[in-house]
Peer 1: 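Once you've had a glance at the structure underneath, I'll fire off some questions.
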Amino acid sequence: HAQMRALLQEMADAVATGSQGRFLGLSETLNMLMQQHNLKEENVLYPMTDQVLGGELDDLLRSMEAVSTEPEAP
């Protein structure tokens with residue numbers, strides 16, 4: 001995530017200085033980094049999470065849904 005934030009900052013700097021080529025290169029790097037990141041999450045993190053949560057997953061999801069649909073306090 002830190003690498004992605006740094007790339008986004010570099011992209012903003014490239015836009016500010018009008019460096020179109022640098023921006024495009026950085027955007028390609030960010031795209032590749034995000035693809036790798038997503039694959040790692042899908043193939044490693046999510047299965048590990050499912051394994052750790054085990055039978056608690058349905059209860060946890062219901063609890064999260066209940067919290068997300070509660071009205072906000074005034």
Side-chain angles (χ1 to χ4, degrees):
H1 293 158
Q3 284 179 304
M4 287 186 261
R5 282 191 293 272
L7 281 169
L8 288 169
Q9 182 58 58
E10 288 184 56
M11 290 169 68
D13 295 344
V15 168
T17 61
S19 302
Q20 181 180 4
R22 177 142 173 78
F23 175 85
L24 292 175
L26 291 166
S27 68
E28 288 179 24
T29 301
L30 178 62
N31 184 38
M32 289 186 347
L33 184 62
M34 290 176 70
Q35 288 175 353
Q36 292 170 351
H37 178 81
N38 288 341
L39 279 174
K40 186 175 180 182
E41 284 186 344
E42 290 170 5
N43 293 319
V44 178
L45 180 63
Y46 298 158
M48 286 174 58
T49 302
D50 288 343
Q51 185 178 11
V52 168
L53 291 175
E56 299 174 36
L57 182 59
D58 289 336
D59 291 338
L60 178 61
L61 290 173
R62 277 193 292 277
S63 296
M64 291 171 66
E65 186 174 301
V67 169
S68 70
T69 58
E70 289 179 359
E72 292 186 30

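Being a predicted model, the structure only gives us computed values, none of them experimental.
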Peer 1: Less than 3.5 Å apart, which donor and acceptor atoms pair up between the side chains of residues 23-36 and the rest of the protein, not counting sequence neighbours?
Peer 2:
unit_1 : atom_1 : unit_2 : atom_2 : d
S27    : OG     : F23    : O      : 3.4
S27    : OG     : L24    : O      : 2.7
T29    : OG1    : G25    : O      : 3.1

Peer 1: Can you run down the salt bridge (charged side-chain N to carboxylate O under 4.0 Å, His left out) pairs that involve residues 37-46, sequence neighbours left out, and say none if there aren't any?
Peer 2: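 The answer is none; no pair qualifies.
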Peer 1: How long is the span from the CD atom in Q9 to the CE atom in M11, to the nearest 0.5 Å?
Peer 2: 11.0 Å
Peer 1: Check this for me: M4, atom CE, are more than 12 non-hydrogen atoms of other residues, nucleotides or ligands nearer than 6.0 Å?
Peer 2: yes
Peer 1: What's the separation between atom CG in L39 and atom CG in L45, rounded to the nearest 0.5 Å?
Peer 2: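 Between atom CG of L39 and atom CG of L45 there are 13.0 Å.
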Peer 1: Show the atom names and distances, to 0.1 Å, of all donor-acceptor pairs under 3.5 Å that link a side chain in residues 51-64 to residues at least two apart or in another chain.
Peer 2:
unit_1 : atom_1 : unit_2 : atom_2 : d
D59    : OD1    : R62    : NH2    : 2.5
S63    : OG     : D59    : O      : 3.1

